[in-house]
There are 2 protein chains.
Amino acid sequence: MPAPRKSTRSAAARDASASPAAPRAIAEQLERHGVRPSAQRVAIASYVLGTEDHPSADQVWARVKERFPMVSRATVYNTLRHFTEKGLLRELVLAEGRQVFDPVIEPHHHFVDDETGAIRDIPWSALKVAKIDELEGLDVREYMVVVRGVSRGARKG
Amino acid sequence: MPAPRKSTRSAAARDASASPAAPRAIAEQLERHGVRPSAQRVAIASYVLGTEDHPSADQVWARVKERFPMVSRATVYNTLRHFTEKGLLRELVLAEGRQVFDPVIEPHHHFVDDETGAIRDIPWSALKVAKIDELEGLDVREYMVVVRGVSRGARKG
DNA sequence: GCCGAAAGTTGGACTTAGTCTAAAAACGTC
DNA sequence: GACGTTTTTAGACTAAGTCCAACTTTCGGC
């Protein structure tokens, strides 16, 4: 068995990302997560499980409609909720006025660009949060650092 | 001059909180921040600058209407934006589907309760984030830790 | 292959949060 | 009191998210 990969995306996201044009692989991933792989869901998964853009539901809809014009808005919303429930996606509150979706399931931090609104992942190990266990009276399910500012140099929009 | 207080709320929030029924003190605080202290604004400030509830705009409106039935929704939205622009409030993205407002201007972290949705402050010193300066390519304007889970014991809703 | 049940999709209505506008009211200066 | 500026108001509008009824697709039993 190969060594663990550096990528922290879910198995589904990794496969989707590695083979974005492989609907069969995506369908199999959906099935492994207990999601029936209809054509619409495979199309939605092809995009959302392989993107680093942290899109909103309507952004996913706009994107999937390019190649699947008949897909309905309700289907996209239903499917994103279903993927979230099945552990394929995380739903985050990071942007004003909308929820965003993140295929990287494992813990990580986020950076939100003040100028562009773009959201990007910060690896878990890039930051250390000390004393989280000393928060009294709180059962911590998860935590992350949200960093806001401006990107410079690499990765211009 | 007395020793610095433990409270980290803005001067306005401290004064409002210490004397929630002192419209004159609130009016003076608004004036110090370049905000004309109309009756509506004082009413809104009396609540929002003294609460730890992190309310949304519509929650502020509902609350202020109790004592100021004629205040309009547009006025509340306009006033909250004005307070934010003048440094009296911070607008946060922590809750699904709405912005919330926080009178504590100084840096701090947040806890979001999975069960109730309640948001509460975590003092800045309660957590340490290491290596924030090592984030390459990012001009950091602010950062905070967002902790999610369940409160237990103290401060039940 | 048929049939019924379950699951999924669709079009669009509905709700809520946030913004915008024109008119009216309030305020400050002269 | 007049006038210009600011604030407030009522409500229209937009966008995100949810819900519903009808239709379509899929699946399992026979």
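Hydrogens, waters and symmetry mates play no part in the numbers below; they use all other heavy atoms, side chains included. Each chain gets a letter, A, B and so on, in the order its sequence line appears, and its residues count up from 1.
Checking dT10(C), dG8(C), dG18(C) against every side-chain atom of Y77(B), the shortest atom distance belongs to dG18(C).
Nearer to the 5' terminus of DNA chain D, by closest-nucleotide assignment, is the contact made by V35(B) (compared with the other of V35(B) and E91(A)).
Under the 3.5 Å distance criterion, with hydrogens and angles disregarded, a donor-acceptor pair is assigned to the side chains of T51(A) and D53(A).
Taking hydrophobic clusters as Ile, Leu, Val, Met, Phe, Trp and Tyr residues chained together by side-chain heavy-atom distances below 4.5 Å, V104(B) does not share a cluster with V112(B).
Rounded to 10°, the helix from dG1(C)-dC30(D) to dC30(C)-dG1(D) has 20° between the axis fitted to its first five pairs and the one fitted to its last five.
R41(A) pairs in a side chain to side chain contact (heavy atoms under 4.5 Å, CB included) with only one of the listed residues (V35(A), V76(A), N78(A), T75(A)), which is V35(A).
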* To do: Verify ring pair (Phe, Tyr, Trp, His ring centres under 6.0 Å) between Y143(A) and W124(A), making sure each step is shown before the conclusion.
  => CA-CA 11 Å; Y143(A) 64 95; W124(A) 192 244; 5.2 Å; yes
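For the segment residues 62-74 of chain A, residues with any heavy atom less than 4.0 angstrom from an atom of DNA chain D are, sorted by number, R73(A), A74(A). Only G97(B), R98(B), Q99(B), listed by number, bring a heavy atom of residues 94-102 of chain B to less than 4.0 angstrom from any atom of DNA chain C.
The distance from atom CZ of R41(B) to atom C1' of dA26(C) is 11 Å, rounded to the nearest whole Å. In this structure, CG of D58(B) is placed 5 Å from P of dA17(C), rounded to the nearest angstrom. Here the C1' atom of nucleotide dG8(C) and the CZ atom of F83(A) are 12 Å apart, to the nearest Å. Taking atom CZ of residue R36(B) and atom C1' of nucleotide dA26(C), one finds them 9 Å apart after rounding to whole Å.
Atoms CD1 and CZ, from I122(A) and F111(A) in turn, are 7.5 Å apart once rounded to the nearest 0.5 Å. Here Y77(B) contributes atom OH and R81(B) contributes atom CZ; the two are 10.0 Å apart, rounded to the nearest 0.5 Å.
As judged by a 4.0 angstrom heavy-atom cut-off over every strand, T75(A) is placed among the base-contacting residues.
Here the range on DNA chain D touched by chain B, meaning any atom under 4.0 Å from one of its heavy atoms, is dT6(D) to dG11(D).
Checked against ring pair (Phe, Tyr, Trp, His ring centres under 6.0 Å), H110(B) has the following partners two or more places apart in sequence or in another chain: H54(B), H108(B). A search for side-chain contact (heavy atoms from CB on, under 4.5 Å) contacts involving F68(A) returns A39(A), Q40(A), A43(A), V64(A), V71(A), not counting sequence neighbours.
Contact annotation: the side chain of I26(B) never approaches that of P37(B) to less than 4.5 Å [non-hydrogen atoms, C-beta and beyond].
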